[in-house]
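Beneath this line is the structure, given in structure tokens, with notes to follow.
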Amino acid sequence: VLNGTVHALEPAPDGSRLYIAGAFTTLNGAGRSRLAAIDPATGATMTGYLPAVGGGAIRSIVLRGSTLYLGGNFSSVGGLTRTRLAAFDLATRTISSTWTPAAGGNAVLTLEMAPDGSRLYVGGRFSSINGSTAAAWIAALDPVTGAVIPAFAARPGREVFDILADDRGLVWTALGG
């Protein structure tokens, strides 16, 4: 039972939990600020620390290894300033201090990891990432450093609602307008 919208779901690789993210602030009657884990069979809240997210909703999540990447229109994660993008290590229960890209302008709506894990594709309504306007609407980020990968030069000129990266190196997008 949630008091707000769920925008994203991501299962744990072993199926033991389902990560949920969105605009909610309570789950099953207890405080959970926009990010939680539930038992996929019962819907019960799973224990374990997940950071509170402030300033806006999470719109998309991606799990790769023990790192849970977050995208949305939030301004903080776990009390740390994070501008619409963040990474949280589930094993150490810490917010990454090195993966700190910032999306300027408006919301990140979608995240997609390349099948080989070499890039995290980010799409949405943002006007820049890390100050680069060449990364407006869609960008490829280094999943370790958060740096924009300039070789990815897509320029859709409109909001990106969804991204799919396939194992042939193709990136598909759902655009607005």
Heavy-atom side-chain contact between Leu164 and Leu170 under 4.5 Å: no
Backbone of Val1 reached by a side-chain donor or acceptor of Asn28 within 3.5 Å: yes
Step-by-step side chain to side chain contact (heavy atoms under 4.5 Å, CB included) determination, Asp167 to Asp116: CA-CA 8 Å; Asp167 58 4; Asp116 66 2; over 6 Å; no
Residues Asn3 and Thr25: side-chain donor-acceptor under 3.5 angstrom: yes
Student check: side-chain heavy atoms of Ile58 and His7 closer than 4.5 Å: no
Approximate separation, where rounding is to 0.5 Å, of Leu27 CG and Thr45 OG1: 3.5 Å
Shared hydrophobic cluster for Val62 and Ile20 (ILVMFWY, side-chain gaps under 4.5 Å): no
Exam field: side chain Thr5 to backbone Ala23, donor-acceptor pair closer than 3.5 Å: no
Any side-chain heavy-atom pair of Val77 and Leu35 under 4.5 Å: no
ILVMFWY network linking Leu2 to Leu9, side-chain heavy atoms under 4.5 angstrom: yes
Where Gly15 and Pro40 come nearest, the two heavy atoms and their spacing: O-CG, 3.3 Å
Arg64 to Tyr69 - nearest heavy-atom pair and separation: CB-CE1, 4.2 Å
Donor-acceptor contact present, side-chain Arg84 to main-chain Asn106, <3.5 Å: yes
Under 3.5 Å: donor-acceptor pair, side chain of Trp99, backbone of Asp142: yes
Side-chain donor-acceptor pair present, Asp162, Thr110, cut-off under 3.5 Å: yes
Interatomic distance, Leu63 atom CG to Arg17 atom CZ [nearest 0.5 angstrom]: 11.0 Å
hydrophobic_cluster_shared for Leu109 and Ile61, side chain cutoff 4.5 Å: no
Ala134 backbone acceptor or donor facing Arg155 side chain under 3.5 Å: yes
Joint hydrophobic cluster, Val148 plus Ile138, side-chain heavy atoms closer than 4.5 Å: no
same_hphob_cluster(Tyr19, Val53) at 4.5 Å side-chain heavy-atom cutoff: yes
Side chain proximity check, Arg82 to Thr100, heavy atoms < 4.5 angstrom: yes
Closest non-hydrogen atom pair between Ala87 and Thr67, with its separation: CB-CG2, 3.9 Å
Distance (rounded to the nearest 0.5 Å) between Trp172 CH2 and Asp166 CG: 7.0 Å
Derivation and outcome, side chain to side chain donor-acceptor pair (under 3.5 Å), residues Ser132 and Asn130: CA-CA 6 Å; Ser132 172; Asn130 297 338; over 6 Å; no
Any side-chain heavy-atom pair of Ser97 and Leu80 under 4.5 Å: no
Residue pair Leu18 / Pro11, side-chain heavy-atom distance below 4.5 Å: yes
Nearest atoms (heavy-atom pairs only) where Met113 meets Arg119: SD-O, 3.2 Å
Contact summary for Ile129 and Pro101, nearest pair of heavy atoms: CG2-CB, 4.3 Å
Residue pair Gly176 / Phe161: nearest heavy atoms and the distance that separates them: CA-CE1, 3.4 Å
Name of the residue among Trp137, Phe126, Tyr121 meeting side chain to side chain contact (heavy atoms under 4.5 Å, CB included) with Val160: Trp137
